[in-house]
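Below is one structure, written out as structure tokens, with a few remarks after it.
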Amino acid sequence: LVTLATRIIRDFPEYYHYDSEIEFTYNGIKQGNRNPLLYNNTLGVDGLKTGHTEAAGYGVTISGKNARDGRRVILVVNGLLSMQA
């Protein structure tokens with residue numbers, strides 16, 4: 001997932017802004033972003049994904065830039081027992 005996230009950011013920067021949208025509307029249905037870290041402006045998180053599979057449990061892949069030096073950090077956490085975890 002880190003490799004995929006890195007390649008998405010590097011190879012398709014024109015689409016990356018979609019990962020940080022707080023909400024979108026499609027076919028008249030409003031959907032909020034399920035990445036709770038996007039809602040905290042102090043963290044510098046700017047996107048990627050959340051998900052769940054039976055094999056891996058709940059997980060999140062997040063990315064953000066360090067405000068001091070602009071360095072990008074990508075974090076993957078899987079195996080969580082719930083969305084809240």
Side-chain angles (χ1 to χ4, degrees):
L1 289 171
V2 170
T3 300
L4 287 171
T6 301
R7 296 306 301 256
I8 287 168
I9 294 165
R10 184 183 306 148
D11 297 347
F12 303 100
E14 68 272 22
Y15 300 116
Y16 186 63
H17 68 94
Y18 291 117
D19 292 322
S20 62
E21 288 187 9
I22 299 298
E23 65 183 24
F24 68 95
T25 302
Y26 179 77
N27 202 22
I29 301 170
K30 187 185 289 186
Q31 178 69 52
N33 194 312
R34 292 190 175 118
N35 184 345
L37 299 175
L38 288 175
Y39 295 90
N40 185 336
N41 293 336
T42 64
L43 296 176
V45 171
D46 60 12
L48 287 172
K49 68 169 292 306
T50 63
H52 174 266
T53 65
E54 289 297 321
Y58 290 90
V60 63
T61 301
I62 59 173
S63 180
K65 278 192 174 181
N66 182 313
R68 289 174 282 170
D69 63 11
R71 180 178 62 132
R72 179 164 297 283
V73 176
I74 297 172
L75 172 74
V76 176
V77 178
N78 279 319
L80 303 171
L81 299 178
S82 68
M83 285 176 43
Q84 292 76 26

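In this view, Thr42 and Asn40 satisfy the side chain to side chain donor-acceptor pair (under 3.5 Å) rule, not counting sequence neighbours. Take Asn35 and apply the side-chain contact (heavy atoms from CB on, under 4.5 Å) test, not counting sequence neighbours, and it matches Asn33, Leu37, Leu38, Val45, Thr50, Val60, Ile62.
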Please report, to 0.1 Å, the donor-acceptor pairs under 3.5 Å made by any side chain of residues 74-85, with sequence neighbours excluded.
{"residue": "Ser82", "atom": "OG", "partner": "Gln84", "partner atom": "N", "Å": "3.4"}
{"residue": "Ser82", "atom": "OG", "partner": "Ala85", "partner atom": "N", "Å": "3.1"}

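Listed by first and then second residue, the side chain to side chain donor-acceptor pair (under 3.5 Å) pairs involving residues 1-14 are Arg7-Asp11 (not counting sequence neighbours). Within the structure, the salt bridge (Lys or Arg N to Asp or Glu O under 4.0 Å) test picks out no pair touching residues 73-85 (sequence neighbours left out). Pairs of residues two or more places apart, or lying in two chains, never qualify as salt bridge (Lys or Arg N to Asp or Glu O under 4.0 Å) while including a residue from residues 57-67. Residue pairs meeting the ring-ring contact (aromatic ring centres under 6.0 Å, His included) criterion with at least one partner in residues 61-85, sequence neighbours excluded, do not occur; the list is empty. Residue pairs meeting the salt bridge (Lys or Arg N to Asp or Glu O under 4.0 Å) criterion with at least one partner in residues 74-83, sequence neighbours excluded, are absent. Here salt bridge (Lys or Arg N to Asp or Glu O under 4.0 Å) pairs that include residues 18-32, with residues two or more places apart or in two chains, are Glu23-Lys30. Every pair passing side chain to side chain donor-acceptor pair (under 3.5 Å) that includes a residue from residues 51-63 is listed here, sequence neighbours excluded: Ser63-Arg72.
At a threshold of 4.5 Å between side-chain heavy atoms, the hydrophobic network of Ile, Leu, Val, Met, Phe, Trp and Tyr places Val73 and Leu48 in two separate groups. Ile22 and Leu43 fall within the same hydrophobic cluster, defined by Ile, Leu, Val, Met, Phe, Trp and Tyr side-chain heavy atoms under 4.5 Å apart, directly or through other members.
Grouping Ile, Leu, Val, Met, Phe, Trp and Tyr residues whose side-chain heavy atoms lie under 4.5 Å apart, directly or via other members, places Tyr26 in a hydrophobic cluster with Phe24. If you chain together ILVMFWY residues whose side-chain heavy atoms come under 4.5 Å of each other, Tyr18 ends up grouped with Phe12, Tyr15.
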